[in-house]
Protein chains: 2
Amino acid sequence: MATMREVAKKAGVSVATVSRVLNSNGYVNDETRKKVLETMDALKYKPNNVARSLFKKQTKTIGLIVPDITNPFFPQLARAVEDVTNEKGYTIILGNSDEKPEKEQRYLDILEQKYVDGIIMATNTLPIEHIKLLDKPIVVVDRAIHADVPTIVVQNRKGAKAAVNHLKGIGCQRIAHIKGPEHVDNANERCQGYLDIVGTEPWFTPEFVVDGNYTTKESYHAAVKLLRNHPEIDGIFAGNDLMATGVLKAAHELGISIPDELAVIGFDGIDMCETTHPELSTLAQPIYQIGEAAAELLIDLIEKKQISESFKEYPVDLIIRGSTKRT
Amino acid sequence: MATMREVAKKAGVSVATVSRVLNSNGYVNDETRKKVLETMDALKYKPNNVARSLFKKQTKTIGLIVPDITNPFFPQLARAVEDVTNEKGYTIILGNSDEKPEKEQRYLDILEQKYVDGIIMATNTLPIEHIKLLDKPIVVVDRAIHADVPTIVVQNRKGAKAAVNHLKGIGCQRIAHIKGPEHVDNANERCQGYLDIVGTEPWFTPEFVVDGNYTTKESYHAAVKLLRNHPEIDGIFAGNDLMATGVLKAAHELGISIPDELAVIGFDGIDMCETTHPELSTLAQPIYQIGEAAAELLIDLIEKKQISESFKEYPVDLIIRGSTKRT
DNA sequence: TTGAAAGCGGTACCAT
DNA sequence: ATGGTACCGCTTTCAA
């Protein structure tokens with residue numbers, strides 16, 4: 001790879017001049033510029049961004065840490081982040097944390113050493129102090145961890161209430177909840193929303209809340225057990241769509257018809273909702289928008305622009321599909 | 001952020017010494033080392049990887065370019081790549097190309113300027129010369145583009161044949177194919193495999209091959225039309241699982257029962273196969289393994305290790321599930 | 001065992 | 001309009 005010095009030498013100018021034409025700032029004679037440009041071409045010169053970053057102290061790179069890119073929620077988010085940041089010349093480093101604080105911390109350290117310009121992170125297992133130690137802009141998505149940290153989330157509790165109310169509205173009498181992981185805030189909030197609505201009903205029992213760990217498989221097993229023990233259950237609100245598909249599977253297997261015997265609703269609004277049969281009702285998060293908003297906020301933070309609001313809570317949207325559409 | 005100079009100064013040694021303890025090479029007195037280590041701690045010193053990269057000419061970063069991370073095949077692949085490379089101290093930059101040559105080329109340029117150590121790429125729209133111009137290790141996955149480029153793929157044609165033979169085996173008499181994008185090699189190979197088996201059957205007509213562009217939605221529309229025009233079709237081989245779910249939807253909507261009236265099989269083996277109802281038969285690629293193999297190959301290339309084989313073609317695995325399980 | 005100093009490939013200030 | 005040069009933070013000879 002040719003360096004600036006080589007270009008300068010061959011073109012018979014100084015590196016300063018080459019730098020000027022490269023960045024088109026400062027004065028440079030048209031003749032000279034032309035010659036330099038030609039030499040760059042001839043030498044197939046490409047600027048070395050590492051050197052540039054060293055001086056400028058900015059890498060035009062941002063870190064994106066998600067629990068697991070394999071969970072369909074996150075690719076959509078990542079895509080939005082990439083689209084927005086890429087547009088502005090940034091590139092993203094992707095990391096999976098598996099919700100493990102050590103992995104998160106490790107990535108944070110690495111990203112810091114790589115001098116990324118900012119970080120977008122979906123987590124809440126990490127102590128807030130560690131995040132504050134970072135002297136880089138950071139935006140947290142999906143899970144609010146602290147008022148001081150710029151955050152993009154959705155109205156989990158409100159959405160959960162809407163979900164359960166919808167189930168009640170179509171006539172469900174016994175509504176159960178498949179809950180996400182204990183240590184994940186949004187799982188607890190959604191569970192809380194569920195409890196807000198049915199927690200005081202005479203029929204309610206804590207047995208109606210079972211753990212599905214945000215995965216299809218665990219939800220499936222939990223649902224089979226639940227539905228066997230409690231055939232009276234006629235509505236299930238799953239903490240996310242992945243778990244809702246697990247419920248669908250369980251119902252199919254037990255010969256329970258959906259939505260008539262059992263209505264099912266999820267949360268998230270991932271693409272998969274439309275590929276199940278029946279299609280899955282859900283509380284759709286504006287996933288792409290969240291990613292966009294996070295990316296835009298982060299870039300504003302990086303570029304030290306005026307920040308209008310560093311905490312955004314998006315509403316979620318009740319989407320009624322076959323799994324809760326009774327005739 | 002503290003720099004090496006600050007550490008050196010505070011510890012009363014030279015930067016060279018600090019560098020030595022940092023990289024544990026060269027001689028350094030135990031006393032001195034201890035003092036340096038302490039000062040590093042006190043100053044919360046973290047080495048600046050940009051500076052280090054500039055000198056070493058390696059960034060411990062690799063680029064991963066996929067068509068669209070939103071397509072469920074790629075997160076699984078990305079995850080494998082991340083797991084393997086991260087283990088060896090690398091970090092990944094993710095890029096979406098949308099199968100557009102300009103975007104691919106743009107990313108290649110950016111990655112080159114960022115001095116990534118190597119690139120893994122799923123594409124075949126890019127002219128081979130452009131790839132060869134790159135003086136960095138590169139591994140191509142999912143789509144073979146040229147014998148000279150290290151590649152990890154699967155036996156598409158063979159797998160497609162197995163899929164169609166399976167359909168025939170369960171008694172399908174009229175088998176159609178939903179095809180992926182024209183410009184994607186593996187889509188053509190799978191189509192070719194289909195034609196190998198049924199192309200010469202007396203009933204075969206080109207109308208039985210329709211385009212689904214590897215997406216659920218387009219496949220759905222194509223399938224609806226196809227099944228309306230040709231009610232005699234009793235088996236469909238879709239070029240990927242996403243399109244197969246589109247077929248499932250179409251069949252449900254048209255009141256065609258699966259698998260008895262219509263058997264459906266996909267290709268890829270993404271997780272989603274198990275969440276549909278009935279579950280989707282498929283030719284499963286060892287997606288995670290492919291990612292691992294690509295990552296390992298790339299790292300060997302980067303570290304200039306002996307390469308045993310630079311072209312690997314994995315077999316695919318016929319997984320029979322409800323969508324082709326006739327009683 | 002330690003330090004001085006020359007880079008790595010750019011940027012930007014200060015002269016001219 | 002152009003050139004000389006110090007410097008970004010680290011690594012690695014070469015001497016001492």
Side-chain angles (χ1 to χ4, degrees), chain A residues 1-37 39-40 43-61 89 109-117 135-136, chain B residues 1-37 39-40 43-61 89 109-117 135-136:
Chain A
M1 292 284 292
T3 72
M4 229 169 89
R5 273 170 177 71
E6 305 182 59
V7 175
K9 196 164 156 195
K10 181 148 188 223
V13 299
S14 76
V15 290
T17 305
V18 178
S19 176
R20 279 186 205 107
V21 344
L22 192 61
N23 302 291
S24 26
N25 60 16
Y27 298 85
V28 39
N29 188 336
D30 276 358
E31 287 295 289
T32 323
R33 173 193 320 284
K34 209 175 138 221
K35 191 168 40 170
V36 170
L37 252 14
T39 346
M40 281 180 171
L43 261 37
K44 292 189 199 312
Y45 170 76
K46 295 225 185 77
N48 178 333
N49 250 309
V50 177
R52 191 180 286 192
S53 292
L54 178 59
F55 185 91
K56 293 239 200 171
K57 285 162 181 348
Q58 50 139 307
T59 51
K60 283 286 183 178
T61 303
D109 289 343
I110 293 179
L111 293 176
E112 203 169 6
Q113 292 182 213
K114 295 222 178 196
Y115 274 70
V116 298
D117 296 338
D135 59 346
K136 271 180 212 323
Chain B
M1 292 282 292
T3 74
M4 228 168 91
R5 268 175 181 67
E6 305 182 62
V7 175
K9 195 163 157 195
K10 181 146 189 228
V13 298
S14 76
V15 290
T17 305
V18 177
S19 175
R20 279 187 204 107
V21 344
L22 191 62
N23 301 291
S24 26
N25 61 16
Y27 297 86
V28 37
N29 188 339
D30 275 0
E31 286 297 288
T32 323
R33 173 193 322 285
K34 207 175 140 221
K35 191 167 43 172
V36 171
L37 252 15
T39 354
M40 280 181 171
L43 260 37
K44 291 190 202 310
Y45 170 75
K46 294 222 186 80
N48 179 333
N49 251 310
V50 177
R52 190 179 286 192
S53 293
L54 177 59
F55 185 91
K56 293 238 199 173
K57 288 165 181 339
Q58 50 138 305
T59 52
K60 283 287 183 178
T61 305
D109 290 344
I110 293 179
L111 292 175
E112 204 169 5
Q113 292 182 212
K114 294 222 177 197
Y115 274 70
V116 297
D117 297 337
D135 58 347
K136 271 181 212 323

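Letters A, B, ... are given to chains in the order of the sequence lines, protein chains preceding strands, and every chain is numbered from 1.
Checked against side-chain hydrogen bond (donor to acceptor under 3.5 Å, both in side chains), Thr61(B) has the following partners two or more places apart in sequence or in another chain: Lys114(A). Residues passing the side chain to side chain contact (heavy atoms under 4.5 Å, CB included) test with Glu112(A) are Asp109(A), Leu134(A), Asp135(A), Lys136(A), Met1(B), Lys46(B), sequence neighbours excluded. For Asn49(B), the side chain to side chain contact (heavy atoms under 4.5 Å, CB included) partners two or more places apart in sequence, or in a different chain, are Gln113(A), Arg52(B).
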Sequence neighbours left out, cut at 3.5 Å: what donor-acceptor pairs do the side chains of residues 5-15 of chain A make with other protein atoms?
| residue | atom | partner | partner atom | Å |
| --- | --- | --- | --- | --- |
| Glu6(A) | OE2 | Thr3(A) | N | 3.1 |
| Ser14(A) | OG | Ala16(A) | N | 3.3 |
| Ser14(A) | OG | Thr17(A) | N | 3.3 |
| Ser14(A) | OG | Thr17(A) | OG1 | 3.4 |

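Contacts of Thr32(A) with the nucleic acid, taken as non-hydrogen atoms under 4.0 Å apart, involve only primed sugar atoms and P, OP1 or OP2.
Two end axes, each from the C1' atoms of five base pairs, can be drawn for the helix from dT1(C)-dA16(D) to dT16(C)-dA1(D); they diverge by 40°, to 10 degrees.
Counting all heavy atoms, side chain and backbone alike, Leu54(A) lies closest to Ala51(B) at CD1-CB, 3.6 Å. Taking all atoms of both residues into account, the shortest heavy-atom contact from Ala2(B) to Leu43(B) is CB-O, 3.7 Å. Residue Val50(A) comes nearest to Ser53(B) through the heavy atom pair CG1-CB, 3.9 Å, listed as atom of the first residue, atom of the second, then distance.
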When you check every protein heavy atom under 4.0 Å of nucleotides 6-16 of chain C, what one-letter string (B, S, -) results, 5' to 3'? -BBBBBBB---

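Taking a heavy-atom distance under 4.0 Å as the criterion, the stretch of DNA chain D touched by chain B extends 5' to 3' from dG9(D) to dT13(D).
Sequence neighbours left out, the pairs with a member in residues 22-32 of chain A that pass side chain to side chain donor-acceptor pair (under 3.5 Å) are Ser19(A)-Asn23(A).
The structure places CG of Asn48(A) at 11.0 Å from CE of Met4(A), a figure rounded to the nearest 0.5 Å. Remark: Tyr45(B) OH to Thr39(B) OG1 distance equals 12.0 Å, nearest 0.5 Å.
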